[in-house]
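Working notes for the structure below.
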2 protein chains.
Amino acid sequence: MDIREIARRAKVSTATVSRAINRVPTVDPQLAKRVWRVVDELGYYPNTQARALVLGRTRIFGLIVSEITNPFFPEIVQTFEDLAVENNYEILLTSTVHDPKRMESSVRRMIERRVDGVAILTFGMEESLIEHLRDRKVPLVFVDVGPDVPGIANIRINYLSGIRQAVQHLAAMRHTRIAFIAGPEHLKSAGARREAFKTSMMEIGLSPDLVVIGDHRMEGGMNALLELNKMSARPTAVMCSNDMTAIGVLREAYEQNIKIPDDLSVVGFDDIHLAEFTIPPLTTVQMSQHGLAEIAFNALLNEVDNSTSSREQHSYELVTSLVLRKSTALARGVGSAITPEKSNRTTRHRKAAESTAR
Amino acid sequence: MDIREIARRAKVSTATVSRAINRVPTVDPQLAKRVWRVVDELGYYPNTQARALVLGRTRIFGLIVSEITNPFFPEIVQTFEDLAVENNYEILLTSTVHDPKRMESSVRRMIERRVDGVAILTFGMEESLIEHLRDRKVPLVFVDVGPDVPGIANIRINYLSGIRQAVQHLAAMRHTRIAFIAGPEHLKSAGARREAFKTSMMEIGLSPDLVVIGDHRMEGGMNALLELNKMSARPTAVMCSNDMTAIGVLREAYEQNIKIPDDLSVVGFDDIHLAEFTIPPLTTVQMSQHGLAEIAFNALLNEVDNSTSSREQHSYELVTSLVLRKSTALARGVGSAITPEKSNRTTRHRKAAESTAR
DNA sequence: AAGCACTTGGAAAACGTTTTCCAACTTACG
DNA sequence: CGTAAGTTGGAAAACGTTTTCCAAGTGCTT
C-alpha cells in the first residue's frame, strides 16, 4: 500500500497526499481531512526508507556505548530514547563491549544506515575510526575526547569537582590512607578520574600513590580489595573509579567480614540508580546520566538543524558532585569513644557532608 | 558517492559492481577484485535505504522491552545484538516503560521503519496492537502470550520447574510460612509466577496465601517487606517475583536490622548478573536471558527466511531452575543448637541444595 | 572453423517517496 | 466583468540501489 493508493482512494494527486501528510499549511483543511480519513482507514504508514532516500535524512541517531550491561548505560539509553520519541527520531544502538572489532563494525553500521548523527559514549575508540566518521561529515558528539580532535562536539566532564569533594569528605573524617581503584588503563575517562584523584589528594597533602587497577566491573572491584588487603599499611578508605567497582568492593568486604563503613569507607563514582540500594547505601560522586544523554542528544539535534550556521557551542560541560549515603564513616580509631550507634553515625555524617559539599 | 561512481572508476557497469559487492559467484575474480579496490579506496558503503527499498527487506529487527533500566533486559539486548551483528541485522530497540502511549508509538515506529520482524519482550500490551502488527504480516515472536493469539511464535517459559525447586528447597529447610512478593497485577508473566508459587505450595501442603504485591522494582521490594513485617505471623522466608524485588528486600532488611538469611530467607527470580553480587549473594531462580534472546532471534530469523514454508515450530519452551547462593538458610528455631558459624551454614546449604535441585 | 557456454555491459524498470514545474481552476476584489 | 492571488492536479525527475533483458564478447570444445 503506497501513497498512490491513498491518492486514488481520496481522489487527489499523490502530491496532495504528500502535502497533507506532511502538514503543508497551504492545503485546504477539507481536503486534508479527506486524505487523513483514507490514511486512517487503510492503516497507511509512509515508508521511511523511501522518504529518507529523497530527503537525504534518515532521522536516525547512532548511539555507541561501551557495554549495555553496565547499569550506567541503560539510563542514558532510556533518556536518549525518550528524546528520540519526542523528536521523531530512531536510535541505532550499538554496544562495543571493549572489542576493537565491534567498534569498527559499529562505525560501519552507522555509515551504512546513513544515520544523521552519532553520539559516542564508548571510550578508547581508535582515532582513525572517528576520523572516518568525521570525513563523511556525520555530526558527532563525544564524551571526553581530548582537545586534539577538532570539529567534533565534545562533552567535557568535570571529574575534579566531585572527586575533590569526595576526597575532602574523607579527609574531614580523618582518613589519610585513601586508596583509589582505577578503571582499565587504556580508558581515557578512567585516566581522567585517576588524575582528578591525584590532584585532589595532593592539594591536601596526602599521598596519591595507593592505586590499584580495576576493570570497571564488580569482578574487578572484588579483586582490587583482595589486592588492597595484602598491603602492609592498609587503606582506611577507598575511592572507586565507578559504582560497579564499588559494588564489587562491598561484596568482597562482606566475604572477608570487613565492616563497611566501620572498618573501611568506600565511595563510588557515577551514582547509578543501584547505588541507593547497595548494602550499605553507597556514597558516590554523581554524574547525571540524564543530563549527559540530554546534552548529547541536543547537541546532535543542534548540529543537524544548523548544519551550516552556528558552529559555535562546540563544547559542553557536565559537573559532578558528591552525594552522601552510608558507606563512609570516621576513620577507625578516631573518636572511638563515641558509641558507634547507628543514628549517631548518621548525624556525624551529615555534618561532614555540609562542611565539604560546598 | 554512489554505485555509479564506483562503476565509472572501475570501468565496469553498475550491474557488475552490484554483483561484485553482493558476491554473486559468476563474476570474474579479477574483475571483482578491481571493483573492491575502488570501493575500498573511496570508502564506499552501499546505501541500505535504497537497497531496502528494492529488496523489500530492511534487515532490521524490532525489539520491544518493558524497561531497559531493569537489569534483566540489557543482557537480553546484548545477546540480541551479538546475534544481529553476526547475521547482518540491525536492531530497533524500544522501551515501553509500562506506558500504553509508548507501546503504541513503539508499534508505529516498527511499522514505519518496515522492520523485518519484532520480538516483543514487554508484557501487558494491548491485543489490538499485536493484531495491528500481525495484520501487516510482520513476523512476531512473543514471550508468554496465552494460547489465544494464533499465528504468532511464542516462547513459553516454564516458571513452575524453577519455582517448585525453590519452594521445595525452602520447605526442606523447615520453612512453613513462606510469603510471595508478586509483580504488578496487570502483568501476565507476573501472574504466571504467582500461579506457579501457589501450585508449588499446595503440592506440599503449605498455605499459598501469604502474598503481597510489588512492582518488580527495588522500591517495591522495600515496601513489600515493610508490609510483611506488619503481619502478626511473620513469614520466615520470602520468594520474590523477580530479582530487583529481592534486592529491595535485602536493602530494607538491612535498614530494619533483619539478618539475611538468619532471620529471613529470600529467593529471587531471573538470576540477573547482579544476583551474584548482592549481600548476601542471592539464591534465585534462573531464567537464561541469553537463552531467551537466542530463541527469540532465531525464531525471527527462521520466520523471515522460510516465510512460506515450515510454519511448524511455532512454540518454544524455556525451563527455569534454582541456583543456590547465600540468601537462604534453615528456618529460625530449627537446629538452633548448632552454632550459626559461617562455614557450617554453607555446608548445610549445599546439602539441602542437592536434595532438592534434582 | 564452427558452435557452445559463460561472462559482461548497456539500458531500463522498479522500489515509494518528495518536490518542482506548469497549467488549470477557484475565489475575491476592484 | 476582468484580473490577481492562491490552491490543486498531472506529469515527471530525483534519491541509490537491484535485477532483468538482450546483445556482445570471450574462451573452450569439437
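Each chain gets a letter, A, B and so on, in the order the sequences are listed, and its residues count up from 1. Predicted, not measured: the structure shown is a model, and the values here were computed from it.
Of the charged side-chain nitrogens involved, none lies within less than 4.0 Å of a carboxylate oxygen, so that A/E104 and A/K101 do not count as a salt-bridged pair. Under the 4.0 Å criterion applied to side-chain N and carboxylate O atoms, B/E112 and B/R109 are not assigned as salt-bridge partners.
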Report, as a single string ordered 5' to 3', how protein heavy atoms within less than 4.0 Å touch nucleotides 22-27 of chain C: B base, S sugar-phosphate only, - not at all. ------

Would you give a per-nucleotide map of nucleotides 6-19 of chain C, 5' to 3', where B means the base has a protein non-hydrogen atom under 4.0 Å away, S means only the sugar-phosphate does, and - means neither? -SSSS----BBBSB

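Sorted by first then second residue, the salt bridge (charged side-chain N to carboxylate O under 4.0 Å, His left out) pairs that include residues 62-73 of chain A, not counting sequence neighbours, are A/E67-A/R217.
One N or O on the side chain of A/S106 and one on the backbone of A/R102 form a donor-acceptor pair closer than 3.5 Å. Using modelled atom types, no side-chain atom of A/N22 and backbone atom of A/V24 make a donor-acceptor pair closer than 3.5 Å.
For the residue pair A/T79 / A/Q289, no side-chain donor-acceptor distance below 3.5 Å is found, with atom types taken as modelled.
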What verdict does the side chain to side chain donor-acceptor pair (under 3.5 Å) test give for B/D116 and B/T58, after you've listed the backbone C-alpha separation in whole Å, the side-chain angles of each residue and the deciding distance to 0.1 Å? CA-CA 6 Å; B/D116 291 343; B/T58 52; 3.2 Å; yes

